[in-house]
Amino acid sequence: MTDSAEFWDRRYTHGDIGWTLAPHPLAVAELALVPPDTCAGPNTPRRLALDLGAGAGRHTLWLARRGWRVTAVDFSATALERTRRQAAAEELDVTTVLADLDSYEPRQDTFGLILITYVHIEPPQRAALLARAAKALAPGGRLVVVGHHLDNLGRGLEGPSDAERMFTPERLSAELPDLRVERAERVVHTVTTASGERESYATVIRAGRATGDHPSLPPSEAGLPRHETHQEIP
Ligand SMILES: C[S@@+](CC[C@H](N)C(=O)[O-])C[C@H]1O[C@@H](n2cnc3c(N)ncnc32)[C@H](O)[C@@H]1O
């Protein structure tokens, strides 16, 4: 069953997740490949990024510090308030939107970059969200998705207990029929848990909306580290 806004509000209020965490290194490696002027052109919006299920904004803030104008969407008012406060303190160009991803309709043909990290919802909702995200990309824009790989299930690394909500490269690629998938990988990385360092598996997707004017990014990042240490987020 999908978790409620109240569930996430409680976690952000009483738990130690989200807002104190550094951006996820696997997400950052992908985001760094997409500069804010990716879709700049006479008929395309400039510098617009969308963080779906943004939580307390670790990636929203990272992108805004690099010149993106970011819209952060989440149904946790607590998480968004933390994002909003930090963005205001740093005078960053961030808009927060309190909305349920099941019904949120981003403007079509608009965003140079759309990000979905560790948002594990039911498969029908996930497929619908990915379809709306694909439509919301501007020509030449990129969608980046990072989350728990199915192989993390039952290994004590948190994440959903429901196999259907876990990611695999094959599952997510199949749900993006209208985009050109540039990277779809299971990535092994290291996380720090209460019981020490553990191996963890992530799914990393980068997909682009094709246009003759915007060449593909490299299919994989041979020069980027595959093993990173960071704190696990459920
Ligand atoms: C594990 S957190 C990840 C947050 C952020 N993407 C990150 O990587 O730090 C999952 C987030 O998705 C949000 N979320 C889950 N289901 C949602 C829905 N149906 N509508 C809006 N937000 C949702 C939760 O409120 C939570 O902030």
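Numbers here simply count residues along the sequence, with the first being 1. Atom set for the values below is all heavy atoms of this structure, side chains included, hydrogens, waters and symmetry mates excluded. As the structure lists them, so they are numbered: ligands from 1, and atoms in each ligand from 1.
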Evaluate the ring planes of His148 and His120, with Trp represented by its six-membered ring, and classify them as parallel (under 30°), tilted (30 to 60°) or perpendicular (over 60°).
-> tilted

Any idea which heavy atoms bring Arg209 and Arg180 closest together, and the distance?
-> O-NH2, 4.5 Å

Heavy-atom nearest pair, Ala133 first then Leu52, reads CB-CD1, 4.2 Å

Does even one non-hydrogen atom of Tyr12 get within less than 4.0 Å of ligand 1?
-> yes

Pull out every atom of ligand 1 sitting under 4.0 Å from any heavy atom of Asp100, numbered as shown with elements.
-> 18 (C), 19 (N), 20 (N)

With atom 4 (C) of ligand 1 as the reference point, say which of Pro23, Gly53, Ser4 has the nearest heavy atom.
-> Gly53

Under the ring-ring contact (aromatic ring centres under 6.0 Å, His included) rule, what pairs show up with a residue in residues 121-141, not counting sequence neighbours?
-> none

Where's the contact between Ala56 and ligand 1, heavy-atom distance under 4.0 Å: side chain, backbone, both or neither?
-> neither

Heteroatom distance test (Leu101, ligand 1): nitrogen or oxygen, under 3.5 angstrom = yes

Per-atom contacts, ligand 1 versus Arg58 - under 4.0 Å to a heavy atom | 7 (C), 8 (O), 9 (O)

Among Asp74, Leu98, Leu52, Thr78, which residue places a heavy atom closest to atom 12 (O) of ligand 1?
-> Asp74

So between Asp102, Thr117, Thr60, whose heavy atom ends up nearest atom 3 (C) of ligand 1?
-> Thr117

Do Asn152 side-chain atoms and Ser200 backbone N/O form a donor-acceptor pair below 3.5 Å?
-> no

Taking all non-hydrogen atoms of both residues, which atom of Ala174 and which atom of Pro177 are closest, and how far apart?
-> O-CD, 3.8 Å

Of all the atoms in ligand 1, which lie at a distance below 4.0 Å from a heavy atom belonging to Ile121?
-> 16 (N)

Below 4.0 angstrom from a heavy atom of Ala99, which ligand 1 atoms are there? Numbered from 1 as shown, please.
-> 20 (N), 21 (C)

Please report, to 0.1 Å, the donor-acceptor pairs under 3.5 Å made by any side chain of residues 87-103, with sequence neighbours excluded.
from	atom 1	to	atom 2	distance (Å)
Glu90	OE1	Arg65	NE	2.8
Glu90	OE2	Arg65	NE	3.4
Glu90	OE2	Arg65	NH2	2.8
Glu90	OE2	Gln86	NE2	2.7
Asp100	OD1	Asp102	N	2.8
Ser103	OG	Asp100	O	3.4

Subset of ligand 1 atoms that lie under 4.0 Å from at least one heavy atom of Tyr118 = 1 (C), 2 (S), 3 (C), 10 (C)

Determine, considering heavy atoms only, which of Phe7, Trp8, Tyr104, Phe75 sits nearest to atom 18 (C) of ligand 1.
-> Phe75

Should His59 be listed as contacting ligand 1, given a heavy-atom distance under 4.0 Å as the test?
-> yes

Test item, Ala79 contacting ligand 1 (heavy atom, 4.0 angstrom) = no

Answer with yes or no whether the side chains of His59 and Thr117 bring together a donor and an acceptor at under 3.5 Å.
-> yes

Salt bridge check: are Glu6 and Arg10 linked by an N-O gap of less than 4.0 Å?
-> no

